[in-house]
Peer 1: 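I'd like to ask you about the structure that follows.
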Protein chains: 2
Amino acid sequence: MTQTARSDHRRSLSAQRRAQREEQILETAMQLFAEYGYSDTDTQLLAEKLQVGKGTIYRYFPSKRALFLAAADRVMRLMRQSIDERIQGIDDPFERISVGIRAFLSFFAEHPEYVELLIQERAQFKDRKKPTYFVHRETNIKRWQELYRSLIEAGRIRNMSVERITDVVGKLLYGTMFTNYFLGERPCVEKQVDDILDVVFYGILSDTERKKGR
Amino acid sequence: MTQTARSDHRRSLSAQRRAQREEQILETAMQLFAEYGYSDTDTQLLAEKLQVGKGTIYRYFPSKRALFLAAADRVMRLMRQSIDERIQGIDDPFERISVGIRAFLSFFAEHPEYVELLIQERAQFKDRKKPTYFVHRETNIKRWQELYRSLIEAGRIRNMSVERITDVVGKLLYGTMFTNYFLGERPCVEKQVDDILDVVFYGILSDTERKKGR
DNA sequence: AGAATGGAACTGACTGGTCAGTCCTTTATC
DNA sequence: GATAAAGGACTGACCAGTCAGTTCCATTCT
């Protein structure tokens with residue numbers, strides 16, 4: 001009994017320590033993968049940055065590949081978390097949407113290295129069925145669709161398929177994230193959110209043309 | 001004189017032949033790069049596919065890197081060309097825009113391997129100042145801005161910055177191209193164009209909400 | 001016409017360097 | 001002192017790029 005308890009204690013201590021170390025490795029690995037790209041990242045260099053033997057890394061992750069994929073998953077977890085924090089407690093659906101969009105864009109604007117990781121993932125692991133981003137997207141998108149549906153029911157958005165909306169908005173955000181990263185300038189997120197909401201909410205047609213078309 | 005003429009003839013013949021061969025190499029290289037990714041593409045395999053010695057490839061391109069970048073440039077040339085053909089002779093600006101969007105999306109939907117190449121480029125050559133896609137984008141976007149400007153002057157689009165429009169539409173198209181490719185199903189381009197035009201032209205707000213907001 | 005020539009195009013075995021992953025030794029922990 | 005963790009030298013696979021040798025072909029010579 002005492003024996004078991006003690007060994008449990010010991011195990012849990014080392015498990016905690018292990019988790020901590022794992023997180024350290026993931027964080028540093030992510031930086032290196034983002035900086036040098038997957039294949040140009042030498043595990044030797046990673047070991048040196050961590051001030052650890054190369055063998056140690058392989059005690060935590062079975063292969064370079066597994067290490068990378070774990071880092072990519074971590075990014076998406078962090079994203080979800082960051083957005084959740086920002087929209088928590090906001091009730092007005094419009095407000096919720098615009099804060100959500102802002103949170104998404106800021107997250108990646110503040111962490112360009114995460115975008116790089118997503119690109120690296122797609123470039124190196126084409127065989128995987130679906131990129132991490134889209135695996136997470138599927139779960140997340142449902143929440144947004146409910147939001148839009150409630151706005152339609154309230155008569156604040158015109159009656160149209162919510163899939164159509166989330167599809168277009170999702171693609172727009174995805175494109176914006178990449179464009180921002182590729183063009184390299186720190187974007188003004190506020191302005192971008194304004195642009196997006198202005199176009200998507202109001203459309204670009206003039207009033208006269210709008211009447212003609214319907 | 002005869003000498004020069006004859007040697008000119010020879011030179012132009014061989015130049016033609018050279019160009020032809022170059023094109024062959026680029027086409028096959030593009031397929032392999034798209035299938036295996038940049039670093040997993042062995043130049044040896046490329047040589048075998050071309051039924052050519054490995055050294056020959058290096059007579060046409062100084063390095064694997066240069067070969068790849070030439071292939072990426074080719075993709076963007078082909079894109080521009082394909083869109084130009086489709087919008088040629090169309091006068092109505094709205095029609096021109098919607099056909100242009102359709103042409104863009106079909107081009108990449110029909111050639112998913114081109115999308116893969118653009119991803120590979122970004123993943124492997126992070127040091128290059130700007131990805132090929134954006135280099136070409138800058139030239140192309142001007143034409144679209146003029147189109148939108150004329151529509152504003154004609155009172156068919158509401159008075160707003162044309163940069164704002166092309167920015168949003170450009171990002172939306174970019175995101176759509178990648179999403180289509182990553183999700184892997186052949187998209188129904190017609191439906192996508194409808195979705196995009198519907199949202200971007202009319203906006204998603206209901207009439208009552210629209211009045212409120214202004 | 002047919003042979004000879006020279007140089008361009010092509011070839012593919014080889015080299016040198018790189019790096020993921022292993023494994024035996026050393027160090028820490030209890 | 002026994003066990004677990006960490007270290008880092010080592011190995012073997014891999015592959016871009018090279019280069020010495022070969023083939024091809026347009027032109028010139030006989």
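The chains referred to below are lettered A, B, ... by the order of the sequence lines, with proteins before strands, and numbering in each begins at 1.
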Peer 1: If you look only at pairs with a residue in residues 98-115 of chain B, which of them pass as a salt bridge (charged side-chain N to carboxylate O under 4.0 Å, His left out), with sequence neighbours excluded?
Peer 2: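 Checked against salt bridge (charged side-chain N to carboxylate O under 4.0 Å, His left out) - neighbours excluded - the pairs reaching residues 98-115 of chain B are B:Arg102-B:Glu190.
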
Peer 1: What residues, two or more places apart in sequence or in another chain, satisfy side chain to side chain donor-acceptor pair (under 3.5 Å) together with A:Gln24?
Peer 2: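 A:Gln24 satisfies side chain to side chain donor-acceptor pair (under 3.5 Å) with no other residue.
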
Peer 1: Counting only heavy atoms and a strict 4.0 angstrom limit, can you tell me which residues of residues 30-44 of chain A come near DNA chain C?
Peer 2: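 Contacts with DNA chain C under 4.0 Å: A:Thr41, A:Asp42, A:Thr43.
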
Peer 1: Please list, chain by chain and in numerical order, all residues satisfying ring-ring contact (aromatic ring centres under 6.0 Å, His included) with A:Tyr174, sequence neighbours excluded.
Peer 2: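 A:Tyr174 satisfies ring-ring contact (aromatic ring centres under 6.0 Å, His included) with A:Tyr133, A:Phe134, A:Phe178 only.
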
Peer 1: Do any side-chain nitrogens or oxygens of A:Arg21 fall under 4.0 Å of OP1 or OP2 in D:dA6?
Peer 2: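 Yes, such a contact exists.
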
Peer 1: Does a salt bridge link B:Asp73 with B:Arg77, judged by any charged N lying under 4.0 Å from a carboxylate O?
Peer 2: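 Looking at B:Asp73 and B:Arg77, the cut-off is not met.
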
Peer 1: Could you list all the salt bridge (charged side-chain N to carboxylate O under 4.0 Å, His left out) pairs where at least one residue sits in residues 51-65 of chain A, not counting sequence neighbours?
Peer 2: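 Pairs touching residues 51-65 of chain A that pass the test: A:Arg65-A:Asp127.
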
Peer 1: How would you list, by chain and number, every residue that makes a ring-ring contact (aromatic ring centres under 6.0 Å, His included) with B:His136, sequence neighbours excluded?
Peer 2: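 B:His136 satisfies ring-ring contact (aromatic ring centres under 6.0 Å, His included) with no residue once adjacent residues are dropped.
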
Peer 1: Whole angstroms only, please: what is the CG-P distance between B:Leu45 and C:dG12?
Peer 2: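 So the CG-P distance, B:Leu45 to C:dG12, works out to 15 Å.
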
Peer 1: Would you kindly give the CD-to-P distance between A:Gln20 and D:dA6, to the nearest whole Å?
Peer 2: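 After rounding, the reported distance stands at 12 Å.
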
Peer 1: Taking side chain to side chain donor-acceptor pair (under 3.5 Å) as the definition, give me every residue that meets it alongside B:Glu146, ordered by chain and number, with sequence neighbours left out.
Peer 2: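 B:Glu146 satisfies side chain to side chain donor-acceptor pair (under 3.5 Å) with no residue once adjacent residues are dropped.
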
Peer 1: B:Tyr148: what forms a side chain to side chain donor-acceptor pair (under 3.5 Å) with it, not counting sequence neighbours?
Peer 2: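 Testing B:Tyr148 for side chain to side chain donor-acceptor pair (under 3.5 Å), a comparison that skips the adjacent residues, returns none.
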
Peer 1: Is there a residue in residues 51-61 of chain A whose heavy atoms reach under 4.0 Å of DNA chain D, and which residues are they?
Peer 2: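 Output list: A:Gln51, A:Val52, A:Gly53, A:Lys54, A:Gly55, A:Thr56, A:Arg59, A:Tyr60.
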
Peer 1: Side-chain donor-acceptor contacts of residues 91-100 of chain A below 3.5 Å, not counting sequence neighbours, with atom names and distances?
Peer 2:
from    : atom 1 : to       : atom 2 : distance (Å)
A:Asp92 : OD1    : A:Arg156 : NH1    : 3.3
A:Asp92 : OD2    : A:Phe94  : N      : 3.4
A:Asp92 : OD2    : A:Glu95  : N      : 3.0
A:Arg96 : NH1    : A:Ile87  : O      : 3.2
A:Arg96 : NH1    : A:Ile90  : O      : 2.7
A:Ser98 : OG     : A:Glu95  : O      : 3.3

Peer 1: Below 3.5 Å between N/O atoms, which protein atoms pair up with nucleotides 16-18 of chain C? Just atom names and distances, please.
Peer 2:
none

Peer 1: Of B:Glu138, B:Arg143, B:Gln145, which meets side chain to side chain contact (heavy atoms under 4.5 Å, CB included) against B:Ile141?
Peer 2: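 Going through the options one by one, the only one that passes is B:Gln145.
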
Peer 1: Given atom CD of B:Gln124 and atom P of D:dC15, what is their separation to the nearest angstrom?
Peer 2: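 Nearest whole value for this atom pair: 14 Å.
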
Peer 1: Among residues two or more places apart or on two chains, list those pairs meeting side chain to side chain donor-acceptor pair (under 3.5 Å) that have a residue in residues 27-38 of chain A.
Peer 2: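 Applying side chain to side chain donor-acceptor pair (under 3.5 Å) to every pair that reaches into residues 27-38 of chain A, excluding sequence neighbours, yields A:Glu27-A:Gln31, A:Glu27-A:Arg74.
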
Peer 1: What is the separation between atom CG on B:Leu50 and atom P on C:dG12, rounded to the nearest whole Å?
Peer 2: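 After rounding, the reported distance stands at 13 Å.
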
